[in-house]
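Contents: one structure, followed by commentary.
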Amino acid sequence: VNVLSVWAWTVPSREYTHFYSATKHALRTVAECIRIEVANRKLNIKVTNISPGPVETNFNFNSVPDREEEERVFGGDKPYKRLTSEEVADAVISSVKSPSNVQINDVVLSPVGYLTC
């Protein structure tokens with residue numbers, strides 16, 4: 001199970017997150033390559049990507065130089081409530097517990113009202 005981001009599915013318009021998005025796109029491609037190799041070898045291995053939107057963590061603060069920048073970029077009223085780490089964990093657990101003949105390739109989850117543009 002790979003934990004990516006909604007940014008694996010689009011390119012953000014904010015400059016400072018372009019390369020973050022590029023790494024998530026790359027991991028998504030690597031996962032698909034592994035799926036192909038596993039299928040060709042008839043191995044019973046599943047590869048799943050979980051791509052959450054905003055999650056309530058300290059990630060935002062760690063991605064900018066200081067608290068003032070964090071508030072400028074990530075602060076303010078939002079039309080959504082960030083996901084909890086438990087909600088993301090539930091998506092991981094659900095995919096792992098899927099029936100043995102079910103391959104869940106990708107799960108994209110985001111808060112209601114969240115837009116990536």
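In this chain, residues are counted from 1 in sequence order.
D90 pairs by the side chain to side chain donor-acceptor pair (under 3.5 Å) definition with nothing, not counting sequence neighbours. Take R82 and apply the salt bridge (charged side-chain N to carboxylate O under 4.0 Å, His left out) test, not counting sequence neighbours, and it matches E56. Residues forming a side chain to side chain contact (heavy atoms under 4.5 Å, CB included) with I93 (at least two apart in sequence, or on another chain): K97. E37 is linked by a salt bridge (charged side-chain N to carboxylate O under 4.0 Å, His left out) to nothing, counting only residues two or more places apart in sequence or in another chain.
Around the CG atom of N40, the shell of radius 6.0 Å holds more than 12 heavy atoms that belong to other residues, nucleotides or ligands. Other residues, nucleotides and ligands contribute more than 12 heavy atoms inside 6.0 Å of the NZ atom of K78.
Annotation for A91 and I50: closest pair O-CD1, 3.9 Å, computed over non-hydrogen atoms. Residues P99 and K46 come closest through the heavy atom pair O-NZ, 2.8 Å. Taking each heavy atom of V55 and S85 in turn, the nearest pair found is CG1-N, 3.9 Å. Closest approach of N49 and R35 over heavy atoms only: ND2-NH2, 3.7 Å. For S95 against I104, the heavy-atom pair with the smallest separation is CA-CD1, 3.7 Å. The heavy-atom pair separating H18 from V11 by the smallest distance is CD2-CG1, 4.0 Å.
Counting only distance, with no hydrogens or angles, the side chain of N2 and the backbone of L4 share no donor-acceptor pair below 3.5 Å. T10 places no side-chain N or O within 3.5 Å of a backbone atom of W7 that could act as its donor or acceptor partner. Judged purely by atom type and a 3.5 angstrom limit, S21 has no side-chain atom pairing as donor or acceptor with the backbone of P12.
V88 and V1 fall within the same hydrophobic cluster, defined by Ile, Leu, Val, Met, Phe, Trp and Tyr side-chain heavy atoms under 4.5 Å apart, directly or through other members. Placement of L43 and V102 in two distinct hydrophobic clusters is found when ILVMFWY residues are connected by side-chain heavy-atom separations under 4.5 Å, directly or transitively. The hydrophobic clustering, which links ILVMFWY residues whose side-chain heavy atoms are closer than 4.5 Å, places Y20 and L27 apart. Hydrophobic clustering, with ILVMFWY side chains joined whenever heavy atoms are under 4.5 angstrom apart, groups I45 together with I34. Both V30 and V38 belong to a common hydrophobic cluster when Ile, Leu, Val, Met, Phe, Trp and Tyr are linked at side-chain heavy-atom distances under 4.5 angstrom.
To the nearest 0.5 Å, the span separating NE2 on H25 from OG on S5 amounts to 9.0 Å.
A ring-ring contact (aromatic ring centres under 6.0 Å, His included) check over residues 29-53, counting only residues at least two apart or in different chains, returns nothing. Among residue pairs with one or both ends in residues 78-102, those qualifying as ring-ring contact (aromatic ring centres under 6.0 Å, His included) are Y80-Y114; sequence neighbours excluded.
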Item to check | CA sep, side-chain torsions, deciding dist, call: V47, E32, side chain to side chain contact (heavy atoms under 4.5 Å, CB included) | outcome: CA-CA 8 Å; V47 180; E32 191 58 34; over 6 Å; no
